[in-house]
A.B. asks: 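Below are the structure tokens for one structure; questions will follow.
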Amino acid sequence: MRLLFTLCVVTCLAPVLSRAGLAAQSTPVSSPHGTATLLSDSDTFMPGQEMHFGLRLQLAPGWHTYWQNPGDAGEAVTLALHASGGAVGEGGPIEWPVPQRLSDGPLMSYAYTGDVLLPVRLEPREAEEGADMVVDATADWLVCATVCVPEHGEFSLTLPRGPLSPSAQAPLFARAAAQRPVASPFAARIAADGTLSLMGAGLSPAMVREAWFMPEQPGLIDHDAPQPLHVRDGLLQLGLKVADGFHKDAPLPGIVVIRDVSGREQALAITAQPGGAPAMASAPPTGSSAGLLRLVALAFAGGMILNLMPCVFPVLAMKILSLERMARGERRAALTGAALYAGGIVATFVLLGVVIVGLRMAGNVVGWGFQFQSVTFVTLMCWLLFAISLNLLGVFSFGMRIAALGGGGTLSGHMGDFLTGVLAVVVATPCTAPFMGAAVAGALSASPVVGIVIFVAMGLGLAAPYLLLAMVPGLVRLLPRPGAWMEIVRQALAFPMLATCVWLAWVATLQGGQVAVPVLAGGMVLIALAAWLLRMAQDAAMTGTGKEGFILGCRGGALFAIGLALGGVLMVMPALAPPGADATQAQSTDDGTEAFSQARLDALRAQGRPVFIDMTAAWCISCLVNERVALSPQHVRDAFARQGVVYMKGDWTGRDAAITTFLRDHGRDGVPLYVYYPAHQEGIVLPQILTPGLVLRTIGAQ
């Protein structure tokens, strides 16, 4: 009898219980890209008492939808809410949670992934006394992955009258409220040049590690442009690149996200008022004097270590020959040559830094070694080193006597020393030595004056070993006496140069495809022809056996051959690999390696998968050595498979804004960069020189 009574009670109450459980949640609208539902934070309603409704989007992995300002592409979610029946009213605007920044090439979007709730407020007004309230909603949203799909949903909820009672979905609304930006405690100003300033107690270099700004309205700034950060006590400044829709006399509303030294983020809602610092250059440098000294020390150490990197070997091979002057006791000439060599290095470092900063301020996404992302530059470098190799082998004599390779007056020798320093920096940029990453990033994020100081320190570090050899007589006495062996060494050093040419030809092929091969090889033939003609002219002039017309003809033919080669590469090569094209990214990944994608990385981390990121480039010798020694061995790859680690490789051989952004987010402006993301943890940045043991210990396989 008791069991029968219980069954009767349950049967009678089932519709009521079902109604209460479903009242705060509509029937879902589903598609292959996700599920949308209208939720309420209360199972009941009461006229005059505010409540929340929200559109819940549960997106499939790899898909995203957009914030109120979608950024460079996309469309914001819209939600229209109307109440009728026992109460009437219209829903307010969406109370947006803080979005993610998703970079796709040169475009930046502000978006949501995974599970997101977009709430609105409703304060119902009395209508039909005693009746239920019916809430109807219409929503439109755009979901994107590799393609974009517009979606639409119509939803309905029926709520009974009664004291407000938290629904089962109320915790989702609490989570959404916690994800909204908080009102900023700092005064905000926006200058006419785009300098955004936050001012107030609590801002300091010790507290702020990173910061970025997202405007509420589109068309005001270049979303993908770098936002250089400067912080001092009481002041934070971000350099924004303004767009056509920006008005210098209008307030700028948006969100500033600040990431502190522990990695914790805080989003601040601001409305920057017109005014502020007139120029970014006037902002004080980031950090204290101790921080600057640390960056200078890192730059100097990185420059010294750069001498040991494979990129600089060809130049050092040339520079060895100029030690002959020291061995002969020509101390003054040796000191002058060393000073000019150092001057060439420092001047080129400073010029390269100015060019990089200028391009970044103009909105270009570039970093250390950016010039090697141009197939034209790589081809010209290959030809230059090929010509130097022919000079070392004695095919012709170069009048400017680069690196003191032959006869000539004092002027030509000194010019050769300076140009050798220039060449040392140019060919060194494919490498990033230990300590250089932090120094370069610091130089590019600091004020121009501080940046120049850091680049000068890096140049002095590169020149230091040769300067020390020239300045210390005791070291000079250790050098062997001059003799016939010098000519043998000179010719032998041509072969490292030729090996470098082979490497550069390979890089040019990766960037420009197979069509680049005949252009590059044809240019080398023309350069060899020019060298042969110059040698004939030089021999005829020295022996006095050649007529003036013959000598002029040979020299003119050499100039014509060089001009023909240069004209060919300038016309053909840029068309083979336009900026932004990256032929290597399309290569097969049969070895299990995945091409880098920020969206894919986010999806893997959301799934709790460990990920190893390898940012590399074909022109980066350090990267190739690390890959061969520490990442490609079979026992390392087997360990990756056992640990379930996804190996993602980002190829920066050609310009890739997504990789540049990733590098910048990790305090780097060049490759290599290695980051390991353990499951459900933040990334661990590895050193720039790897060993198999270090890699295995990092992923927990040893």
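Position 1 is the first residue of the sequence, and the numbers go up from there. The structure displayed is predicted, hence computed values, not measured ones.
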A.B. asks: Could you check whether any side-chain N or O of Gln643 sits under 3.5 Å from a backbone N or O of Ile699, counting only pairs where one atom can act as donor and the other as acceptor?
C.D. replies: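 Indeed, once roles are kept as given, a pair shorter than 3.5 Å links the two residues.
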A.B. asks: Enter the distance from Glu151:CD to Leu59:CG here, rounded to the nearest 0.5 Å.
C.D. replies: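 Result: 8.5 Å between the selected atoms.
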A.B. asks: Which heavy atom of Leu118 sits nearest a heavy atom of Pro97, and at what distance?
C.D. replies: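 Distance-wise, the nearest heavy atoms are CD2-CD, 3.7 Å.
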A.B. asks: Is it the case that the side chains of Asp193 and Thr195 hold a donor-acceptor pair, with the cut-off being a distance below 3.5 Å and no angle test?
C.D. replies: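 Present: a donor and an acceptor within the cut-off.
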A.B. asks: Got a sec, which pairs hit ring-ring contact (aromatic ring centres under 6.0 Å, His included) with one end in residues 107-164, sequence neighbours left out?
C.D. replies: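 Non-adjacent pairs meeting ring-ring contact (aromatic ring centres under 6.0 Å, His included): Trp67-Tyr110, Tyr110-His223.
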A.B. asks: Can you find a side-chain donor-acceptor pair between Ser103 and Gln598 that sits under 3.5 Å?
C.D. replies: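 Distance-only check fails for Ser103 and Gln598.
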A.B. asks: Does Gln227 reach the main-chain N or O of Phe213 with its side chain, forming a donor-acceptor pair under 3.5 Å?
C.D. replies: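 A pair under 3.5 Å: yes.
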A.B. asks: Could you tell me how the ring of Phe612 sits relative to the ring of Phe640: parallel (under 30°), tilted (30 to 60°) or perpendicular (over 60°)?
C.D. replies: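 Perpendicular.
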A.B. asks: Is there a donor-acceptor contact under 3.5 Å linking the side chains of Thr158 and Asp132?
C.D. replies: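 No, no side-chain donor-acceptor pair sits under 3.5 Å.
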A.B. asks: Residues two or more places apart in sequence or in another chain: which of them pass side chain to side chain contact (heavy atoms under 4.5 Å, CB included) with Gln266?
C.D. replies: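 Here the qualifying residues are Val182, Leu268.
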A.B. asks: Which distance, rounded to the nearest 0.5 Å, do you find between the NZ of Lys241 and the CG of Asp222?
C.D. replies: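 If we round to the nearest 0.5 Å, Lys241:NZ and Asp222:CG are 5.0 Å apart.
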A.B. asks: Let me know which of Ser156, Pro28, Ser26 forms a side-chain contact (heavy atoms from CB on, under 4.5 Å) with Leu38.
C.D. replies: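 For Leu38, the side-chain contact (heavy atoms from CB on, under 4.5 Å) test succeeds with only one of Ser156, Pro28, Ser26, which is Ser26.
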A.B. asks: Verify the distance criterion only: is there a donor paired with an acceptor across the side chains of Gln25 and Gln169 at less than 3.5 Å?
C.D. replies: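 The criterion, which ignores hydrogens and geometry beyond distance, is satisfied for Gln169 and Gln25.
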A.B. asks: So, does Arg125 use its side chain to make a donor-acceptor pair with the main chain of Gly89 at under 3.5 Å?
C.D. replies: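 Side chain of Arg125 to backbone of Gly89, a donor-acceptor pair under 3.5 Å: no, none is there.
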